2 protein chains.
Amino acid sequence: MGSDMTTSKGRVTIREVAERAGVSVATVSRVLSGNYPVPPATRTRVLRAARDLDYVANAHARALVGGGRKMVAVVLRQVTSPFYAQVAEGVEAEAAARGWLCLVGTTGGDPGRELEFVQLMREEGARLVILVGGVVEDDAYRERVARYAQALDASGARLVLCGRPAPDPGIPALVVEFDNEAGARAITGHLLSAGHRRIVFLGGLPGNTALDARVAGYRAALAEHGLPTDAAHVIDCGLGRAAGHRAMSELLKNTREFTAVFAGDDMVAAGALRAIADAGLRVPHDISVVGYNDIPLAEDFNPPLTTVRTPAEELGRAAVRIALRDPDHTAGTHHLLGTHIVVRDSVQPPPTDGGPTPV
Amino acid sequence: MGSDMTTSKGRVTIREVAERAGVSVATVSRVLSGNYPVPPATRTRVLRAARDLDYVANAHARALVGGGRKMVAVVLRQVTSPFYAQVAEGVEAEAAARGWLCLVGTTGGDPGRELEFVQLMREEGARLVILVGGVVEDDAYRERVARYAQALDASGARLVLCGRPAPDPGIPALVVEFDNEAGARAITGHLLSAGHRRIVFLGGLPGNTALDARVAGYRAALAEHGLPTDAAHVIDCGLGRAAGHRAMSELLKNTREFTAVFAGDDMVAAGALRAIADAGLRVPHDISVVGYNDIPLAEDFNPPLTTVRTPAEELGRAAVRIALRDPDHTAGTHHLLGTHIVVRDSVQPPPTDGGPTPV
DNA sequence: ATGAAAGCGCTAACAA
DNA sequence: TTGTTAGCGCTTTCAT
């Protein structure tokens, strides 16, 4: 590395490159931007100087004057959730393919941090902000999101809501999500077709739009099969493996008035499976279990889990694709992505004796 | 929202806030920065104006003149790998706790994209760049990393290598990793203690430093137990569930001269378990299996997987903690994090008849 | 207590 | 073909 003493304090600037190449900063800028005719001779000199000095342009200065780098920000609860991670990967992939930079922020489910992060993204000049995951939709939420949307829109950025509803169709935000109700109805139907009549929904999260929709689908399927309304049995234990485990253990301790479990998502299913095994029962022999999302390892559960496949990566891709395609912020546009059942080994007809039996 | 017509083109600037508050931009800056005495009266006026206009400072302009936001960048293969995701979460958490912004970039394993991303982070002015995950350590790698380190260092930034070696102790980079060899030796010892003598290592990746270290630990344990060198049987199928599944199927088709499998990581183990089950054999009755990393769902495999716990989130936290603590770029500093075995149900003594038997 | 003005590193007119 | 110059939005002396 041909190192001068020019590099004494911090980063190399365009001026130093210019000096070394014996040209003006304008020329260097032109060469580096590549959108302006420059004779090969000087071009080479400049390039050499830049390489020798290991120069990289200051993105902030660039952003200040010109467009700046296109940047998309994804905000999610946590990256360690397989489902969210896949969505993030989808966004990242689609963004990278277009030469956009992708920033991932996590909130741990705290609306305060979400707000903070969106603010931050406004400061950084993100052109596209994607909020991922279901939320409880109360007045505070509606107001908050309306503010995001307005503010982002005012500075020419776009807001996409992934798997959460728009607070109001008039707001400048795109919505992309799965048809949770349809998916839930389908998999409940699958259980019903196998002969189950007493199915508990494990993992309700009242107020959470995604879960509420699944519960709605579950109830709808029950109704379609002519079951009375009180056949529905929803346990609002929330999401996560631990919650599923705890709730299932509790449930098995009290009553066994059910032959199948519809878990709110695959992590809940994992916890439930473990709890069932701990109780000395077998899946699907004694109890059938289904999940939601088809995370990559659902196939490796014991037994392999029958679940609803929600193409998470595609959700992420779709979010950026749609946002970038659609030229005017077609307010209130709502995109629903389809899902389908993946049948594996966690469902079979209920035990004939009418209830689960100890092994 | 008290909206003026000031907001016509793009973002609200500090000047508009100044006008609305009837003060100079300097005063606004002082109020917003909060590091300068300002009389409460004007302070309130400015704050009100800023809120009315929904003003957010331009981070790029700020970065240009002063410190700019502290930013740490994590580079990894993919976020959908549970292990990497946890490392990223650790980095994110530790960074957020200090008010730093965290950027996640993925490379898909392509050194070219890694280089590109590091370059990008230099442009954006990241103060800390963390490269995560093992790599093949060839001359190209060494040269590339040396360049990163030098360049980053020249602009006052820091480089941390997580789970990959420093190309040369003189380079200004920190290394934080697990003691792969010790972990592998321990779990191999666990298998040997159970009575296994013919153990295959599934998931070698020659050149990959992390895997090579595990293979070394495996060999060391074998040697310690007085087994001949040729007792080692390493299958270089690489990582990932698919690879593990394929390689294991192949292996079962040909020979069964082994009673236990040491999978290079838990995803490989997942694939192997599936392949073994597909072949009509049972774990651990016919074959014992162990993994590496203890990903969150390892407990839900069939059977629950005995594996080596590598506290991934702690690795991420440690990376930023150490990098931020240590004031001079203590070149070549090497930090080793400990691991331990998590015993579950995938290991038992080998079948007494001397080999696996069909069910 | 507050304003005016000088840049931060870069790009894009405008000159030469 | 290349150089000069005026900002981009902000912070920070230096005056007032």
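Fair warning: this is a prediction, and the values are worked out from it, not measured in the lab. Order of the sequence lines sets the chain letters (A, B, ...), proteins ahead of strands, with each chain counted from 1.
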Exercise: do E137(B) and T209(B) side chains pair donor with acceptor under 3.5 Å: no

Round to the nearest Å and state the distance from [X] atom [atom1] to [N] atom [atom2].
{"X": "H60(A)", "N": "dG7(C)", "atom1": "NE2", "atom2": "C1'", "answer": "17 Å"}
{"X": "I14(B)", "N": "dG7(C)", "atom1": "CD1", "atom2": "P", "answer": "19 Å"}
{"X": "R45(A)", "N": "dT2(D)", "atom1": "CZ", "atom2": "C1'", "answer": "11 Å"}
{"X": "L53(A)", "N": "dG9(C)", "atom1": "CG", "atom2": "P", "answer": "14 Å"}
{"X": "E123(A)", "N": "dG9(D)", "atom1": "CD", "atom2": "C1'", "answer": "13 Å"}
{"X": "E19(A)", "N": "dG3(D)", "atom1": "CD", "atom2": "P", "answer": "13 Å"}
{"X": "R15(B)", "N": "dC10(D)", "atom1": "CZ", "atom2": "C1'", "answer": "10 Å"}

N-O pairing of E314(B) and R321(B) below 4.0 Å: yes

Nearest to the [X] side chain among [options], which nucleotide is it?
{"X": "T13(A)", "options": "dC10(D), dG9(C), dG3(C)", "value": "dG9(C)"}
{"X": "N58(A)", "options": "dG3(C), dG7(C), dG9(C)", "value": "dG9(C)"}
{"X": "A61(B)", "options": "dG3(C), dA12(C), dG9(D)", "value": "dG9(D)"}

Phosphate contact (dA13(C) OP1 or OP2) by Y36(A) side-chain N/O below 4.0 Å: no

Below 4.0 Å: OP1/OP2 of dT2(C) and any side-chain N or O of T42(B): yes

Sugar-phosphate, base or nothing in reach of A63(B), heavy atoms under 4.0 Å: nothing

Sugar-phosphate only, base, or nothing, as touched by T27(B) at under 4.0 Å among non-hydrogen atoms: sugar-phosphate

Residue whose nearest DNA chain D nucleotide is more 5′ - R62(B) or V65(A): V65(A)

R30(B) or L64(A), whichever maps to the more 5' nucleotide of DNA chain C: R30(B)

Qualifying ring pair (Phe, Tyr, Trp, His ring centres under 6.0 Å) pairs with a residue from residues 22-69 of chain B, counting only residues at least two apart or across chains: H60(A)-H60(B)

Q78(A) and E89(B), any side-chain heavy atoms less than 4.5 Å apart: yes

Contact check, side chains of R20(B) and D52(B), non-hydrogen atoms, under 4.5 Å: yes

